[in-house]
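Beneath this line is the structure, given in structure tokens, with notes to follow.
Since this is a predicted model, take the numbers as computed values, not measurements. Excluded from the calculations below are hydrogen atoms, water molecules and symmetry mates; all remaining heavy atoms, backbone and side chain alike, are included. So you know, we letter chains A, B, ... as the sequences are listed, proteins then strands, and number each from 1.
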Amino acid sequence: MKFGIVTFPGSNCDVDALHAVTDQLGQTAVSLWHRDHDIQGCDVLILPGGFSYGDALRAGAIARFSPIMQEVIAHAERGAPVIGICNGFQILCESHLLPGALMRNAEMQFICDWVHIRTEGKAPMYLGGYEPSQVLRIPVAHGEGRFAADESTLDALEQNEQVVFRYCNGSGAITDAANCNGAMRNIAGIVNVNRNVLGMMPHPERAVESLLGSTDGLPLFESLLAQVGA
Amino acid sequence: MSTTISAVQPRPGDPAITPELVAEHGLTPFEYEKLLGLLGREPTFTELGIVSALWSEHCSYKHSRPVLKTLPTEAPYVLQGPGENAGVISVGDGWAVAFKIESHNHPSAVEPYQGAATGVGGILRDVFTMGARPIAMLNSLRFGSLDTPRVRWLMAGVVKGIGDYGNCIGVPTVAGDVMFDPAYEGNPLVNAMCVGLMREDELITAKAEGVGNPILVVGARTGRDGIHGASFASEDLSEENEAKRPRVQVGDPFTEKLLLEASLELIRSGHIVAIQDMGAAGLTSSSAEMAERGDVGVVIDVTKVPVREEGMTPYEILLSESQERMLVVARRGHEEQAAAILRKWDLQAEVIGEVIAEPVYRVVEGDRVVAEFPGSRLVTECPQYFPEARESDVIVALRARDPHAVAERDEEADPVWTLTQLLSSPTIANKRWIYRQYDSQVRTSTVVGPGAADAAVVRLRGTNKALALKTDCNSRYVYLDPRMGGRIAVAEAARNVACTGGRPMAITNCLNFGNPKKPDVFFQFREAVFGMGEACRALGTPVTGGNVSLYNENPLGAVFPTPTVGMVGLIENIDHVTRSSFRTAGDSIILLGESTDELGASEYLSRVHNLTIGAVPSVDLDHEKRLVDALLAAIAAGVVHSAHDTSEGGVAVALAECCMGDRDATLGATVDVSEALVSSDRALLWGEAQGRVLVSTADVEGVLGIARAHGIAARTIGLVTAESRLVIRAGARTLDTPLAPLADAYFDAIPALMQRAAMATT
């Protein structure tokens, strides 16, 4: 399987995503430049974390106008996998590939920490490798990660089983104390209606090696390989 | 560029050169005489500005250089010692590590957010201009008491500034040290260290070479911000400094990220011969230093420099400290290829001058020569001073006081009270409130991040090796005994690095002191540097560069002398990485080194009795070297489950910390730290005798044997227990407590203080 990882000016988790899919999963990956239109035949596109365009205006607000985003949107519309992590999630929301928005963290500070999230919803492409309601230990690192949407959008996301990760405590309970950024309904990650576009604030690419503290992000990528075919 | 040059002439509208103007530029009459001699004529206003910057303490090291020259700088693996943008050491397999620490104290004192942010930006540029990709940041911070609203505002701003800059650029902030004392009330210290990785053959230096090669300015446009920042950093702070806020630069980490990627691509492209950050004193300093290193002349046309606003004078353009700019010497004929790389990253590059054979430093404004100095003498002939050094009688008296004569407070009848006081002292308390605002994991190589071991561990991807990184300086020690304090700063950093399994390799230092013209301050400076040098020689860790920050004082006095050490250690085998917290119930706890009756200069005296008195614990450098070797041998033998050195708060605090790796940790300990030769129970618990490390192990004989072989005293003091309880017997005293209240004190102290800040300011 071939992964394409988009580098916008200011992306800084692009290399980490590249290492995760090549070193840990043994897959092919290429770096895609924001000004290009060619996605080089990639099967999966990843919009990585970072501060594209220095978060000018709003996180992700300018990156959505990059030439490569036309191809990302076309790829998503074909039903092919697109993953937005952290700043990538913000860009997907700004591009309207996903509903909602990411606001300043409730405590108004950048947070880098280990958190727990729980799997739920229906997204076999990404969750196939997890147990239902599995609790994952995974890093977050963001200043604007508080998921927000109007009530009807939130209801629709839940009814459609598009919420795939929620912040929880170590035993899987969805609590306010475990909600690191104050996200509405503890939402950490969602998919689109077609379940091929995933956006999440936590960093699965930082949780693929026991040396660095967790391998709970690996099944996410392995699910893709199993579902889409290596 | 025109090569027929007329004589230097003042610009219309330049102020007349008067003694007052000379004084305003920080030049003494003696220095001005020297300048007249160098030029053989009166300087122009532009020239006066240039010299004022280059001969400022910040750029010239005029008071510190002779003392700095005594530091050891060599080892077989040192590829680049002091004098470049950063030091470089080889770590084997063709890999090299560039690293340096630098201060941004003065700007942070008046504008903490931008001051700290631009400090991070500057040190990053110092490292990537060597050709190295930054892989880790550290910072060493000193503040007054968090009980003061202004100090809380300063800390909140500094932490956010460091975080926002480092997070955005994508370099993890992995370690540091923070200390609080009223001595820093008006002058916080913000020292930032950057560590970068490169292939040995990618090393590039900032040396202008090749007559005819074009000189380019790259990156941000030049504005009026930061003019005279270098001179500002070379004087005491006063209330007038509020008015100097415009001298603080504004950082743009997004542009810096582009500059980082573009610079590394440029260096690897072979289209350039040299590159340098435009830091303190901006274009003036970068161009003059590059010329001096290359032993060539340069000519710069200020009209070619892209500016942010109309009507900037040569004086302003030369002295601006606008951030995110670099000076590049390209290969002649390769300008277009270099510019293409920069355009890819949306960056501007303009040719502003060239390298010339004639040994002069010449600045032109179109056809007019506005400044011209003979050769590199501008840099090399800066005056040097050998100030008088004399220890303050006040400090001699403080040191002479007997800490054992200090009566105990009633509350101390229960040592749990004292331990709780110490664990909630901001200097000792957990720093999660700070480091949670730093992305410590980006680049996915942080094996041990902040708070989990005595030093951070960053793996070197593609090898089986890792770096152990730490900053350290107990400045209370340096204040009471600068020679001993200087030694301890190095020894403690080495101990910390060794506790994680790293071999101490080299240091960078950031020397933060008061006004060197005061004999007592210069005494502190000289003695501390001598002490550092002794320790560096004993431990085999040369100094590869650093920074001197003087004039850290205000009308109330100088800061504690703070010679911060930034140490790089090498972990040869990633499997050897060792953390500080206990791992397994039933393990034995071994104390390496010996406790003493020393209690002076301790955090205990400061926190519990509000006293900074007594003799500083003495450090035996030969013992420290053997301790490092013993630790590394025991770790390599696989017999060490955890290792943690004892520092502020003594053995009792160190044991509590070993039990509290994180808030949910549940392993306790039961120990007896009594020693036949130590009569003071207070010293047993809270004394800060040097050269001690707590090790937990399942193989007692293994550890003891290795310690014996290295001549290190070692004995089993107790066990790691499954009960979350800490029990310490010390002579006649017993400390016995559940861990939960200790954890509350340790983890909640700083958040509780800063919560008050949030409520006060919003």
Beyond-backbone contact of B/Arg432 with A/Asp113, side-chain heavy atoms, under 4.5 angstrom: yes
For the student: nearest non-hydrogen atoms of B/Ser440 and A/Cys112, plus distance: N-SG, 3.5 Å
Looking only at heavy atoms, the pair that brings B/Lys344 and A/Trp33 closest together is O-CZ2, 3.4 Å
Could you name the residues of residues 443-457 of chain B that have a heavy atom within less than 4.5 Å of a heavy atom in chain A? B/Arg443, B/Thr444, B/Ser445, B/Thr446, B/Val447
Considering only residues two or more places apart or on different chains, which pairs with a residue in residues 22-38 of chain A satisfy salt bridge (Lys or Arg N to Asp or Glu O under 4.0 Å)? A/Asp23-B/Arg461, A/Arg35-B/Asp346
Would you confirm whether A/Asn12, through its side chain, and B/Asn167, through its main-chain N or O, come within 3.5 Å as a donor-acceptor pair? yes
Mind running side chain to side chain contact (heavy atoms under 4.5 Å, CB included) on B/Lys160 and A/Met108 for me, showing each step along the way? CA-CA 11 Å; B/Lys160 187 166 169 52; A/Met108 305 300 276; over 6 Å; no
More than 12 foreign heavy atoms under 6.0 Å from CD of A/Glu131: is that the case here? no
As an exercise: rank A/Gly170, A/Gly54, A/Cys13, A/Gly143 by heavy-atom pairs under 4.5 Å with chain B and give me the winner. A/Gly54
At under 4.5 Å between heavy atoms, what parts of residues 253-261 of chain B are in contact with chain A? List them by residue number. B/Phe254, B/Lys257, B/Leu258
I'd like a table of donor-acceptor pairs (distance under 3.5 Å, sequence neighbours excluded) in which one partner is a side-chain atom from residues 84-97 of chain A, with atom names and distances.
from: A/Asn87; atom 1: OD1; to: A/Ser52; atom 2: N; distance (Å): 3.1
from: A/Asn87; atom 1: OD1; to: A/Ser52; atom 2: OG; distance (Å): 2.9
from: A/Asn87; atom 1: ND2; to: A/Gln90; atom 2: OE1; distance (Å): 2.8
from: A/Gln90; atom 1: NE2; to: A/Glu144; atom 2: O; distance (Å): 2.6
from: A/Glu94; atom 1: OE1; to: A/Arg58; atom 2: NH2; distance (Å): 2.8
from: A/Glu94; atom 1: OE2; to: A/Arg58; atom 2: NE; distance (Å): 2.8
from: A/Glu94; atom 1: OE2; to: A/Arg58; atom 2: NH2; distance (Å): 3.3
from: A/Ser95; atom 1: OG; to: A/Ile91; atom 2: O; distance (Å): 2.7

Output the distance between atom CD (B/Gln437) and atom CD (A/Gln109), rounded to the nearest 0.5 Å. 3.5 Å
Calculate, to the nearest 0.5 Å, the distance between atoms CD and CD belonging to B/Gln441 and A/Glu205 respectively. 9.5 Å
Side chains of A/Arg206 and B/Val442: does their closest heavy-atom pair fall under 4.5 Å? yes
